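Structure first, then comments.
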Amino acid sequence: MPEGHTIHRLAADYRERFGGRPVRVSSPQGKFADSAALLDGAVLAHTEAHGKHLFLGFPGEEWVHIHLGLFGKVNFGGPVAAAADPVLPPPTDTVRLRLAAADAYVDLRGPTTCALITDAEKRAIHDRLGPDPLRADDDPAEAWRRISKSRTTIAALLMDQKIVAGVGNVYRAEVLFRHGIDPYRAGRDLSPGEWTAIWDDLAALMREGVRLNRIDTVRPEHTPEAMGRPPRVDDHGGEVYVYRRAHLPCHICGTEIRTADLAARNLFWCPSCQQR
DNA sequence: GTAGGATGCTAAC
DNA sequence: TTAGCCTCCTACG
């Protein structure tokens with residue numbers, strides 16, 4: 001689940017359900033227990049996302065820094081139904097962080113990072129992240145400065161959070177397909193216009209991802225209905241062109257989708273639609 | 001029941 | 001470049 005759109009969505013969901021209210025803070029799994037005790041009863045004052053990093057702000061410029069990594073999951077819930085005196089279900093023992101109010105809770109499991117940090121430490125995290133297509137004030141030129149000088153492949157550059165924040169393996173594969181760009185092209189071989197188009201498309205796709213809480217990248221004219229084909233089911237919940245479709249025919253040209261290892265991640269692309 | 005993978009990242013070699 | 005971390009789910013016996 002967790003690419004940047006998930007994290008921005010979580011920032012909004014945490015704010016909507018707990019923002020401005022005092023929250024009970026606990027760490028049933030234990031690894032965040034000391035910090036949870038310090039925060040217990042404090043008001044959740046801010047929530048913010050930058051790329052795949054989530055920040056929960058408490059009074060005194062203290063922040064809970066959360067990074068889901070590959071496995072992290074967040075689960076919102078309410079009281080057990082049909083109880084005369086509504087009670088929240090007890091957390092299971094893998095819950096790293098639970099925030100709870102009288103009528104709602106949110107559980108965090110399996111994150112790479114869940115730590116209490118200072119405002120200065122938070123600033124340092126922002127400083128090492130590139131611009132995020134989902135942050136309105138972020139500047140794509142900052143990313144272009146590095147991409148346009150780099151011999152590294154655009155596929156690797158898009159996954160580098162120092163260069164662009166929030167893009168993961170799905171958006172990487174899909175945006176390159178949508179622009180017909182060979183993933184192995186060097187960053188410096190892209191034109192400024194190509195970069196602008198990629199950035200604008202990422203911003204639009206990821207905004208849609210926040211809204212729907214899933215990744216859909218297939219243009220209306222390429223949906224199965226539009227192309228007169230049987231409906232398809234992508235097993236990660238969204239509709240995509242190439243991600244995890246290795247050896248299946250390309251939706252547009254029928255060529256077999258290829259896959260390869262790139263920087264320890266699976267890359268997917270259509271060798272026919274994505275040339276130059 | 002078990003193995004293997006997954007939308008991520010970092011430290012160590 | 002590799003191992004390691006964190007958890008859950010599916011596929012396969």
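In what follows, every heavy atom counts, from backbone to side chain, and hydrogens, waters and symmetry copies are set aside. None of these values were measured; they are calculated from a predicted model.
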Residues in side-chain hydrogen bond (donor to acceptor under 3.5 Å, both in side chains) contact with Ser26(A), at least two apart in sequence or another chain | none
Pair listing, side-chain hydrogen bond (donor to acceptor under 3.5 Å, both in side chains) test, anchored in residues 155-168 of chain A, at least two apart = Asp160(A)-Lys162(A)
For Asp34(A), what residues pass the salt bridge (Lys or Arg N to Asp or Glu O under 4.0 Å) criterion, not counting sequence neighbours?
-> none
Report which part of the nucleic acid Gln29(A) touches: base, sugar-phosphate, or nothing (heavy-atom distance under 4.0 Å, all strands).
-> sugar-phosphate
Take atom P in dT10(B) and the same atom in dC8(C), then report the distance between them in whole Å.
-> 23 Å
Indicate, with a heavy-atom threshold strictly under 4.0 Å, whether Lys162(A) touches base, sugar-phosphate, or nothing.
-> nothing
Aromatic plane relationship, Tyr243(A) with Phe268(A) - under 30° parallel, 30 to 60° tilted, over 60° perpendicular | perpendicular
Whole-Å distance separating the CG atom of Leu262(A) from the P atom of dT2(C) | 14 Å
Tell me, please, which residues at least two apart from Arg211(A) pass salt bridge (Lys or Arg N to Asp or Glu O under 4.0 Å).
-> Glu208(A)
Does anything in residues 98-130 of chain A pair up under ring pair (Phe, Tyr, Trp, His ring centres under 6.0 Å), and if so which pairs, sequence neighbours excluded?
-> His50(A)-His126(A), Phe55(A)-His126(A)
Below 3.5 Å between N/O atoms, which protein atoms pair up with nucleotides 9-13 of chain B? Just atom names and distances, please.
unit_1: dC9(B); atom_1: OP1; unit_2: His67(A); atom_2: NE2; d: 3.3
unit_1: dC9(B); atom_1: OP2; unit_2: Lys52(A); atom_2: NZ; d: 3.1

Take the protein atom CD1 of Ile66(A) and the nucleotide atom P of dG8(B), then report the distance between them rounded to whole Å.
-> 17 Å
